[in-house]
Amino acid sequence: MNARVNAIAIAGFAAVLIATMVFAGNQHNIRRMQAAFLGMVTPVLRSGSGIERKVTAYREGLKTLAELEKEVNQLRIANKELKATNQTLRGLEAENNRLRTALGYHERSVFQLMPAQIIGRDASTWYKTIVIDRGAEELVSPDMPVITEDGLVGKTTIVSAHSSVVVLISDESCKVAVTVEGSRDQGIVRGERAQTGSAPEITLNFLSKQARLTPGQKVFTSGVGGVFPAGVLVGEVREFKVRELDAYATIAPSVPLTTLQDVFVVVSETK
């Protein structure tokens with residue numbers, strides 16, 4: 001549109017110029033007429049030039065916005081990559097810290113420990129058993145205590161050449177003789193039968209009605225029975241209840257049994 005306006009203005013100016021040259025003989029008059037007409041068409045020319053500059057700037061602006069959108073998309077992708085990398089690094093850091101903690105416990109322990117990893121877990125026996133990557137070839141035998149730096153896990157049962165099944169303390173078949181911190185009360189910790197898929201309750205049984213345990217008291221292995229060494233943390237009292245003939249307490253295990261990754265098999269009580 002601005003080009004058309006400019007062309008019309010220029011054509012008009014040319015026509016006037018020719019007319020003055022044909023019909024006017026006085027050079028001074030010709031120039032006056034030319035100047036007057038140029039003054040008339042100047043606003044038109046200026047307007048057209050301004051519109052053209054605006055259109056050009058607008059087009060350049062659109063191009064810049066497209067480039068910015070492309071850059072934003074690239075930055076979004078880069079940001080997602082950084083988040084993924086950061087998440088991986090956090091996972092590696094947590095893994096490193098976990099292994100450092102386990103190593104520190106291994107070095108401080110008064111037991112001879114065999115480190116092991118969990119290689120199997122059945123959904124139907126999630127709260128009952130795990131499978132570890134140590135067996136008879138690594139000097140593991142049935143009825144060896146299995147622990148972590150947090151406390152008691154369970155004991156080995158079925159042992160093959162390079163793997164073993166570990167029954168957890170949350171299973172009703174795993175019975176642990178214990179003593180309660182700050183008291184002379186002793187009893188047996190075991191898992192209670194639960195519905196399929198639900199977490200079993202761990203209880204401390206055969207307590208005196210006069211025991212009066214309080215929430216938060218720690219429960220340790222007593223060493224009675226010969227399977228579990230004395231002094232291993234089992235958990236802490238959650239609730240104390242009195243029955244008709246005796247009393248019992250529910251126990252919160254010290255080890256997160258559902259998220260285990262690494263454990264130790266106690267192969268000897270002395271190094």
Side-chain angles (χ1 to χ4, degrees), residues 105-106 108-116 125 127-130 132 134 136 139-159 164-194 199-257 260 263-271:
Y105 177 76
H106 182 275
R108 297 191 311 271
S109 177
V110 297
F111 309 121
Q112 180 66 45
L113 302 178
M114 173 69 66
T125 59
Y127 298 100
K128 295 183 178 182
T129 60
I130 56 175
I132 60 174
R134 302 292 186 183
L139 304 179
V140 175
S141 58
D143 288 332
M144 281 187 168
V146 178
I147 64 176
T148 71
E149 64 275 13
D150 294 321
L152 186 64
V153 173
K155 65 178 181 178
T156 57
T157 53
I158 303 171
V159 177
S164 302
V165 175
V166 177
V167 60
L168 303 175
I169 59 171
S170 53
D171 183 75
E172 60 182 335
S173 66
C174 185
K175 299 177 177 63
V176 185
V178 298
T179 183
V180 181
E181 174 189 41
S183 73
R184 295 183 178 181
D185 295 298
Q186 297 188 10
I188 301 294
V189 165
R190 71 173 187 180
E192 297 294 328
R193 184 182 295 273
E201 189 175 67
I202 300 175
T203 58
L204 169 53
N205 299 282
F206 308 114
L207 292 171
S208 166
K209 295 169 66 173
Q210 286 74 39
R212 303 301 179 189
L213 303 186
T214 58
Q217 282 184 284
K218 296 187 182 301
V219 178
F220 296 91
T221 54
S222 64
V224 176
V227 174
F228 301 100
V232 179
L233 181 63
V234 177
E236 61 181 35
V237 175
R238 179 182 293 164
E239 187 179 7
F240 177 77
K241 296 182 179 180
V242 176
R243 293 183 288 214
E244 184 177 353
L245 298 177
D246 62 357
Y248 73 100
T250 56
I251 303 298
S254 60
V255 175
L257 298 173
L260 285 171
V263 297
F264 296 106
V265 181
V266 180
V267 295
S268 174
E269 290 193 40
T270 57
K271 291 187 177 181

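- With sequence neighbours excluded, the residues satisfying side-chain hydrogen bond (donor to acceptor under 3.5 Å, both in side chains) with Asp246 are Arg243.
- No option in Thr179, Leu204, Val178, Leu213 other than Leu213 meets the side chain to side chain contact (heavy atoms under 4.5 Å, CB included) test with Asp185.
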- Item | Test log, rule side chain to side chain contact (heavy atoms under 4.5 Å, CB included), inputs Thr214 and Val237 | CA-CA 7 Å; Thr214 58; Val237 175; over 6 Å; no
- Pair Lys155-Asp143, side chain to side chain contact (heavy atoms under 4.5 Å, CB included): steps then yes or no: CA-CA 5 Å; Lys155 65 178 181 178; Asp143 288 332; 3.6 Å; yes
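- Residue-environment remark: NZ (Lys128) stays at or below the threshold of 12 foreign heavy atoms within 6.0 Å.
- Taking both residues in full, the closest heavy atoms of Pro229 and Thr221 are given as O-OG1, 2.5 Å, listed atom of the first, atom of the second, then distance.
- The two residues Ser222 and Ala230 have their closest heavy-atom pair at O-CB, 3.5 Å.
- Contact annotation: the side chain of Leu113 approaches that of Ile147 to within less than 4.5 Å [non-hydrogen atoms, C-beta and beyond].
- Closest heavy-atom contact between Ala116 and Arg134: CB-CG, 3.4 Å.
- Leu139 and Val267 get closest at one heavy-atom pair: O-CG1, 4.2 Å.
- Considering all non-hydrogen atoms of both residues, Glu181 and Phe220 come closest at CB-CE1, 4.1 Å.
- Considering only residues two or more places apart in sequence or on other chains, Glu172 meets the side-chain hydrogen bond (donor to acceptor under 3.5 Å, both in side chains) condition with Arg193.
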N/O donor to acceptor pairs below 3.5 angstrom from side-chain atoms of residues 247-256, sequence neighbours left out:
{"residue": "Thr250", "atom": "OG1", "partner": "Glu239", "partner atom": "N", "Å": "3.2"}
{"residue": "Ser254", "atom": "OG", "partner": "Asp150", "partner atom": "O", "Å": "3.0"}
{"residue": "Ser254", "atom": "OG", "partner": "Val234", "partner atom": "O", "Å": "3.4"}

- Candidate pair Arg212 and Val242, rule side chain to side chain contact (heavy atoms under 4.5 Å, CB included), full reasoning: CA-CA 9 Å; Arg212 303 301 179 189; Val242 176; 4.1 Å; yes
- Task: Apply side chain to side chain contact (heavy atoms under 4.5 Å, CB included) to Val140 and Thr156, showing your working.
- Result: CA-CA 8 Å; Val140 175; Thr156 57; 3.9 Å; yes
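- Not a single side-chain hydrogen bond (donor to acceptor under 3.5 Å, both in side chains) links Ser141 to another residue, sequence neighbours left out.
- Every residue was checked against the side-chain hydrogen bond (donor to acceptor under 3.5 Å, both in side chains) condition with Thr157, not counting sequence neighbours, and none meets it.
- Atoms CD1 and CG, on Ile130 and Leu257 in that order, are 8.5 Å from each other to the nearest 0.5 Å.
- Comment: Arg190 engages Glu192 in a salt bridge, judged by a side-chain N to carboxylate O separation of less than 4.0 angstrom.
- Side-chain contact between Val153 and Thr148 is present, with heavy atoms from C-beta onward closer than 4.5 Å.
- Atom CD1 of Ile158 and atom OG1 of Thr129 lie 8.5 Å apart (nearest 0.5 Å).
- When all heavy atoms of Cys174 and Phe228 are compared, the closest pair comes out as SG-CZ, 4.1 Å.
- By the side-chain contact (heavy atoms from CB on, under 4.5 Å) test, Ser173 pairs with Val167, Asp171, sequence neighbours left out.
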